[in-house]
Amino acid sequence: MEAWDDAKLNDVFIRQQEVNKNHATILGEIEILADKEIEKANISITEASSGKVLAGQVVSLKKGMNKVSLPFSIRNPKLWWSNGLGKAHLYDFRTDLTIDNRTADTETKKVGLRSLKIINQADKDGKTFYVELNGVPVFVKGANYIPQDNFLPRVTREQYEKTILDAANVHMNMLRIWGGGIYEEDVFYELCDRYGILVWQDFMFACSLYPAEGELLENIRQEAIDNVKRLRNHACIALWCGNNECNDAWFNWGWQKRYKKQNPEYEQIIWKQFNDQYNVTLPQVVKEYAPESFYWPSSPFARYDGGSDDHNGDRHYWEVWHGKKPIEMYNKERSRFFSEYGFQSFPEFESVKRYAPCEEDWNIYSEVMMSHQRGGAHANELIETYLLNEYRKPRDFEAFLYMNHVLQGDAIKTAIEAHRRDMPYCMGTLFWQHNDCWPVASWASRDYYGRWKAQHYFTSKAYRDILVSPIADESGILKVQVVSDRLKSCSGKLEVSVIKLTGEVLNQYNRNVKINANSSRTLFSIPLEEALNGARKEDVFIHAVLSTDKEKNDYANNYFLVKQKEVNYPHAMITKSIQPIEDGFEVTLNSDNFARAVFIATGDVNSSFSDNYFDILPGSSVKMKVYTDLPLTTFEKQLKVVSLSDEY
């Protein structure tokens with residue numbers, strides 16, 4: 001219920017007509033609902049923190065809805081930047097409605113001032129698709145997002161904050177709200193504004209056809225108006241997208257052919273409904289109610305008369321996973337923008353035990369496990385097949401879950417690095433998916449309970465502002481590409497080592513390098529045979545590390561020349577020491593030999609880790625922090641440390 005006297009602010013739109021570092025031209029478009037005619041009402045917009053009145057006007061109000069426009073400008077505005085590029089600055093613009101020297105209504109909007117465009121234009125390769133923020137091309141790093149719970153009211157503000165922070169803390173700068181879910185609560189967008197997370201906003205239509213005519217089409221239009229008006233002040237909104245996969249379903253999945261074969265007249269009616277919904281009604285709503293926003297008809301989308309492809313617009317790539325192609329295909333497939341791809345895993349063992357506590361259910365094909373598998377037996381078979389193709393056989397159920405995490409993490413890491421290396425041809429990578437809505441085997445990088453899988457930890461490194469990516473190409477050349485999202489160039493030292501798994505350094509190369517701003521370049525290459533110096537691929541790994549000017553932390557990456565099941569991992573003897581710190585413990589782990597994907601766990605308790613599933617180089621140590629309420633004696637007892645070679 002709402003109550004007011006005389007008049008109220010119905011809607012305030014802080015419309016950003018033009019924004020750059022020198023000047024912001026803004027139009028305050030205000031709707032006022034009056035219960036009677038009012039001869040004089042004062043309407044003003046103030047920058048709340050400074051108290052400066054930016055615009056004001058005395059107006060007369062008629063009974064019903066009134067619209068008032070208040071233009072104003074800001075010199076040298078503090079711009080809103082996405083995560084990793086700068087501060088996500090937000091202005092507090094307060095709108096006051098005053099009648100007879102009485103404040104009748106007031107409303108404050110937190111608004112980030114920015115210029116945001118989607119560049120979709122022809123070039124020599126097809127059509128680009130990328131975000132330009134404040135004049136800068138931005139490589140998008142992120143994930144797809146689904147509702148956080150099947151029972152929506154259970155989601156708390158704390159869960160929203162953790163979910164958005166879990167994106168920001170692994171260097172994501174975009175979440176795509178999938179069209180098969182919901183228009184999210186205001187708090188979601190408020191947090192994305194605060195933490196610099198761009199939002200790709202699908203309208204809520206997915207993988208289907210809708211009889212969009214008459215009253216239903218008008219209902220669709222009104223629902224779109226409601227949500228566009230609700231969300232248009234948020235700096236995080238990057239684009240509005242008509243639907244998820246409906247265009248590809250029509251042109252590439254055989255839907256058009258099926259209806260045309262059944263009845264050509266029906267095919268024409270359905271296509272008109274489709275066209276009216278996505279190419280007429282929804283873009284008209286965006287144009288009218290958020291004129292500076294970008295509308296994209298579908299995801300994926302390349303053109304109006306056909307399906308998606310690898311050189312125009314965005315692409316959903318599922319040949320790895322659904323298409324059963326090997327993980328290495330991620331290194332070969334291209335797109336201007338990968339808006340969906342993914343790889344399944346089960347939750348970790350402690351999460352699984354919450355819904356499968358009995359040992360007799362600890363089999364991926366048990367009734368309980370099958371009831372918690374989004375893709376049915378087919379998906380479990382895919383996990384098992386991929387696992388045994390890439391890794392050796394795990395020794396038991398718990399080991400299977402752990403190795404499945406490493407498998408998923410390695411797969412998506414491979415994809416992310418390939419997409420970033422292909423910059424600027426490719427300018428975005430959004431894996432499927434960031435979160436789960438129930439405890440389940442799925443493509444998520446965080447399980448329903450918020451626990452990070454290996455994929456999320458791997459993402460944190462793969463999405464850093466600088467990526468060091470070694471790869472051996474088909475011609476037998478070992479090269480290292482360095483990708484930078486920084487807006488300024490920098491210099492540094494690149495060190496590439498060929499090391500035996502037992503610690504012997506076979507070759508080491510040092511280069512002083514310059515890293516250009518917003519670029520991807522090969523900064524090192526050598527014939528692989530020369531680098532190996534007679535050693536077998538199965539016995540070595542490539543370690544590349546970049547130290548940049550004034551950088552406290554190095555950018556490092558390990559690369560293997562064969563599949564994980566072919567790597568001759570020696571047994572890794574890992575010793576640990578524990579030091580109490582505020583809110584938890586610092587754990588130092590030492591290993592005699594190379595220890596792959598070292599996983600630490602503390603049982604089914606509320607713990608978080610500064611890193612996990614990490615490698616330890618031969619004869620080296622890794623320090624990491626565990627944040628937990630456990631006392632020292634319990635922590636020492638429950639702390640579990642395993643590496644890949646332990647689990648075969």
Side-chain angles (χ1 to χ4, degrees), residues 84-85 139-141 170-173 327-328 330-331 409-427 429 431 454-473 477-499 501 505-528 531-532 537 540-561 594 596-598 611 613-618 620 622:
L85 294 185
F139 189 96
V140 165
K141 302 174 292 190
V170 297
H171 314 293
M172 291 188 193
N173 58 20
I327 291 169
E328 64 194 38
Y330 281 135
N331 287 319
D410 280 347
I412 300 304
K413 175 180 182 287
T414 300
I416 290 171
E417 292 195 23
H419 302 164
R420 293 192 69 185
R421 287 196 304 267
D422 206 18
M423 172 187 177
Y425 180 90
C426 175
M427 284 297 288
T429 179
F431 61 74
Q455 178 183 321
H456 212 70
Y457 289 101
F458 290 6
T459 295
S460 182
K461 298 179 178 72
Y463 275 170
R464 290 180 73 187
D465 60 338
I466 291 179
L467 169 70
V468 179
S469 183
I471 188 166
D473 63 24
I477 301 297
L478 173 65
K479 61 182 182 180
V480 177
Q481 271 186 251
V482 176
V483 185
S484 175
D485 293 333
R486 294 185 182 183
L487 301 185
K488 293 182 179 179
S489 61
C490 61
S491 57
K493 179 182 176 183
L494 177 65
E495 183 179 280
V496 182
S497 304
V498 183
I499 309 174
L501 296 160
V505 178
L506 299 176
N507 264 318
Q508 192 170 78
Y509 308 91
N510 293 288
R511 301 282 190 274
N512 292 319
V513 295
K514 181 180 179 182
I515 302 107
N516 292 339
N518 226 354
S519 68
S520 172
R521 294 173 60 210
T522 299
L523 296 183
F524 173 85
S525 64
I526 192 172
L528 179 59
L532 286 173
K537 296 178 182 179
V540 304
F541 67 100
I542 310 300
H543 180 65
V545 58
L546 175 71
S547 304
T548 60
D549 295 344
K550 302 177 183 178
E551 191 70 33
K552 293 181 179 179
N553 297 315
D554 295 332
Y555 295 84
N557 204 349
N558 296 321
Y559 176 70
F560 303 91
L561 299 167
F594 186 92
R596 174 74 169 95
V598 177
D611 198 6
Y613 297 93
F614 46 81
D615 298 339
I616 305 178
L617 272 56
S620 299
V622 168

Hey, are the side chains of [X] and [Y] touching, using non-hydrogen atoms and a 4.5 Å cut-off?
X      : Y      : value
Asp410 : Ile327 : no
Asp611 : Lys461 : yes
Asn173 : Tyr463 : no
Leu532 : Lys537 : yes
Ile471 : Lys479 : yes
His419 : Phe431 : no

- Task: Determine, stepwise, if the pair Leu494 / Val480 fulfils side chain to side chain contact (heavy atoms under 4.5 Å, CB included).
- Result: CA-CA 9 Å; Leu494 177 65; Val480 177; 4.3 Å; yes

- Item | Residues that Phe614 engages under ring-ring contact (aromatic ring centres under 6.0 Å, His included), provided they are two or more places apart |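 Not a single residue meets the ring-ring contact (aromatic ring centres under 6.0 Å, His included) criterion with Phe614.
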
- With sequence neighbours left out, write down each residue that passes ring-ring contact (aromatic ring centres under 6.0 Å, His included) with Phe594, or none if nothing qualifies.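 With neighbours one apart ignored, the set is Phe541, Phe560.
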
Taking all heavy atoms of [X] and all of [Y], pick out the closest pair and write down the distance.
X      : Y      : value
Leu546 : Gly492 : CD1-C, 4.4 Å
Ser520 : Met423 : CB-O, 3.6 Å
Asn331 : Ala418 : OD1-CB, 3.7 Å
Arg420 : Leu467 : NH1-CB, 3.6 Å
Pro527 : Ile477 : CA-CD1, 4.0 Å
Asp615 : Ala597 : OD1-N, 2.9 Å

- Item | Side-chain donor-acceptor pair present, Ser489, Asn516, cut-off under 3.5 Å |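 Checked: Ser489/Asn516 side chains show no N/O donor-acceptor pair below 3.5 Å.
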
- Task: Please check if any side-chain donor atom of Asn558 sits under 3.5 Å from a side-chain acceptor atom of Arg596, or the reverse.
- Result: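 On atom types as modelled, these side chains do not qualify, holding no pair under 3.5 Å.
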
Do side-chain atoms of [X] reach the backbone of [Y] as a donor and acceptor pair under 3.5 angstrom?
X      : Y      : result
Glu417 : Ser469 : no
Ser620 : Ile616 : no
Arg521 : Lys514 : yes
Asn557 : Val468 : yes

- Item | Asn518 CG to Leu85 CG distance, which is reported to the nearest 0.5 Å |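 Going from CG on Asn518 over to CG on Leu85, the span is 8.0 Å.
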
- Message: Quick check on salt bridge (Lys or Arg N to Asp or Glu O under 4.0 Å): which of Arg486, Lys488, Lys141 does Asp465 satisfy it with?
- Response: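 Only one option passes, and that is Arg486.
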
